[in-house]
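This report concerns only the one structure given below.
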Amino acid sequence: MSGVKINDVMVTRAIVETWHKKFLSDTEVEVAIVGAGPAGLMAAYDLGRSGVKTVVFERNLAPGGGMWGGGFGYNYIVIQDAAKPILDELEIGTELYAPGYYTANSLETMSTLILKALKAGVSIYNLIAFQDVMLSSDCRVCGVVINWRPIEVGKYHVDPVSVGAKYVIDATGHEMMVINKVITKCGLKLATPSGKIEGERSMNAELGETVIMDNTVEIAPGLFVVGMAANAVMGSHRMGPIFGGMLLSGRKAAKDLKDKLGGS
Ligand code: 48F
């Protein structure tokens, strides 16, 4: 082997300094997305390539949420006509199964979404869990409170830190982690029929995929909701391993946010 001799301490310094420099530049962002599933990553990609300073916090080691396992652990997903152009645009292969039903490899789809978001300039932090929101004095969500996931899992008494954001997106899927926190701690009224969480309904992909775009809204001041969380908070149906709605929802939130940020 030729070249510079490897110094183990230099490896440590390289990682720690690079990470800190990056994280410090991400402590004030335009959009903070909680959850790196398909909906959150789609929103992140569209925001990033439009030049919006965007950060994603994912509590798991691997970003990707519920897409890796396709359906039933079989690593294929189904995409309907409405979302097929997104996969074409991202150069993800699809196969026509029957009219209106395309299959795509879940590993190819998710790895492409992660890569495209990163290449668009989005910062993705894994192993970091959302714990709370920052709330401005006029009761608007203005950032996220985060901690290392292993600290959370270990239930260690270690205080979290805060990252400021003009807007936050709840992309945490069925769990609606950000919305739950806003309800229990901030007492904010949600943009739902009751002003509260309506609750997810049982499987009906046709209904669920039809309403998800309408459900992708600014659910509380400063807080957007995308993907499965959007249907869950609005009292709409779950839809299983057909993923078009997740991507379309992420894209819609990104567009709405770009309009808001452009106008502010
Ligand atoms: O669950 P997830 O994939 O949400 P999605 O993008 O897509 C839903 C589909 O996977 C599927 C479906 C399709 O029809 O219904 O369920 O709406 O991704 C949510 C991500 O959020 C992360 C979680 O680990 C997952 O990767 N997450 C959840 N809570 C937190 C979090 C938290 N407190 N902090 C950080 N990340």
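Order of listing sets the numbers, starting from 1, for every ligand and every atom in it.
Closest heavy-atom approach to atom 18 (O) of ligand 1 among the candidates Gly64, Gly37, Ala129: Gly37. Scanning Glu58, Met203, Glu175 for the heavy atom closest to atom 22 (C) of ligand 1 points to Glu58.
Within the 4.0 Å heavy-atom shell around ligand 1 one finds Met177. At least one heavy atom of His174 sits under 4.0 Å from some atom of ligand 1. Residue contacts with ligand 1: Ile242 is included, with a non-hydrogen atom under 4.0 Å away.
Counting atoms of ligand 1 from 1 in the listed order, those under 4.0 Å from a heavy atom of Ala39 are 6 (O). Those atoms of ligand 1 that come under 4.0 Å of a heavy atom in Asn60, given as number and element, are 24 (O). Ligand-side atoms of ligand 1 in range of Gly65: 3 (O), 18 (O), 25 (C), 26 (O), range being under 4.0 angstrom from any heavy atom. Residue Phe243 approaches ligand 1 through these ligand atoms, each under 4.0 Å from one of its heavy atoms: 9 (C), 10 (O), 13 (C). The Gly227 neighbourhood of ligand 1 comprises atoms 17 (O), with distances under 4.0 Å to a heavy atom of that residue. Heavy-atom contacts of Phe57 reach the following atoms of ligand 1: 35 (C), 36 (N) (cutoff under 4.0 Å). Taking every heavy atom of Ile128 and a limit of under 4.0 angstrom, the matching atoms of ligand 1 come to 35 (C). Annotation for ligand 1: atoms under 4.0 Å from non-hydrogen atoms of Met228 are 8 (C), 15 (O), 17 (O).
Within a 6.0 Å radius of NZ in Lys84, other residues, nucleotides and ligands contribute more than 12 heavy atoms. Within 6.0 Å of CD on Glu91 lie no more than 12 heavy atoms contributed by other residues, nucleotides or ligands.
A donor-acceptor contact closer than 3.5 angstrom is absent between the side chains of Lys252 and Thr216. For the 3.5 Å distance criterion, the side chains of Ser194 and Glu198 qualify, holding a donor opposite an acceptor.
In summary, the aromatic rings of Phe57 and Tyr125 are positioned with their centroids under 6.0 Å apart. The distance between the ring centers of Tyr74 and Tyr76 does not fall below 6.0 angstrom.
Other cluster members for Val153: none, since no ILVMFWY side-chain heavy atom sits under 4.5 Å from it.
Cluster annotation: Ile128 and Phe130 are assigned to the same hydrophobic cluster (Ile/Leu/Val/Met/Phe/Trp/Tyr, side-chain heavy-atom contacts under 4.5 Å, transitive).
The side-chain hydrogen bond (donor to acceptor under 3.5 Å, both in side chains) pairs that include a residue from residues 128-149 are Gln131-Glu152, Asp132-Lys185, Ser136-Asp138, Arg149-Glu152, where partners are two or more places apart or lie in different chains.
Between Asp256 and Lys260, none of the side-chain N atoms (NZ, or NE/NH1/NH2) sits under 4.0 Å from a carboxylate O, so this pair counts as no salt bridge. Ion pairing between a basic and an acidic side chain is recognised when a charged N comes within 4.0 Å of a carboxylate O; Arg251 and Glu89 show such pairing. In this structure, Asp26 pairs ionically with Lys53, as a charged nitrogen and a carboxylate oxygen lie closer than 4.0 Å.
In terms of protein heavy-atom proximity, atom 1 (O) of ligand 1 is nearest to Gly173 CA, 4.0 Å. Nearest protein heavy-atom neighbour of atom 21 (O) of ligand 1: Gly35 CA, 3.2 Å. For atom 34 (N) of ligand 1, the closest non-hydrogen atom of the protein is Phe130 N, 2.8 Å. The protein atom (non-hydrogen) at minimum distance from atom 3 (O) of ligand 1 is Gly66 N, 2.8 Å. Of all protein heavy atoms, the one lying nearest to atom 35 (C) of ligand 1 is Arg59 N, 3.3 Å. Of the protein's non-hydrogen atoms, Gly240 O, 2.5 Å is the one closest to atom 14 (O) of ligand 1.
Residues Ile212 and Met228 fail the side-chain proximity criterion, which asks for heavy atoms closer than 4.5 Å.
Counting heavy atoms under 4.0 Å from ligand 1, residue Met246 touches it through the side chain alone. Of the heavy atoms in Ala171, only backbone atoms (N, CA, C, O) come closer than 4.0 Å to ligand 1.
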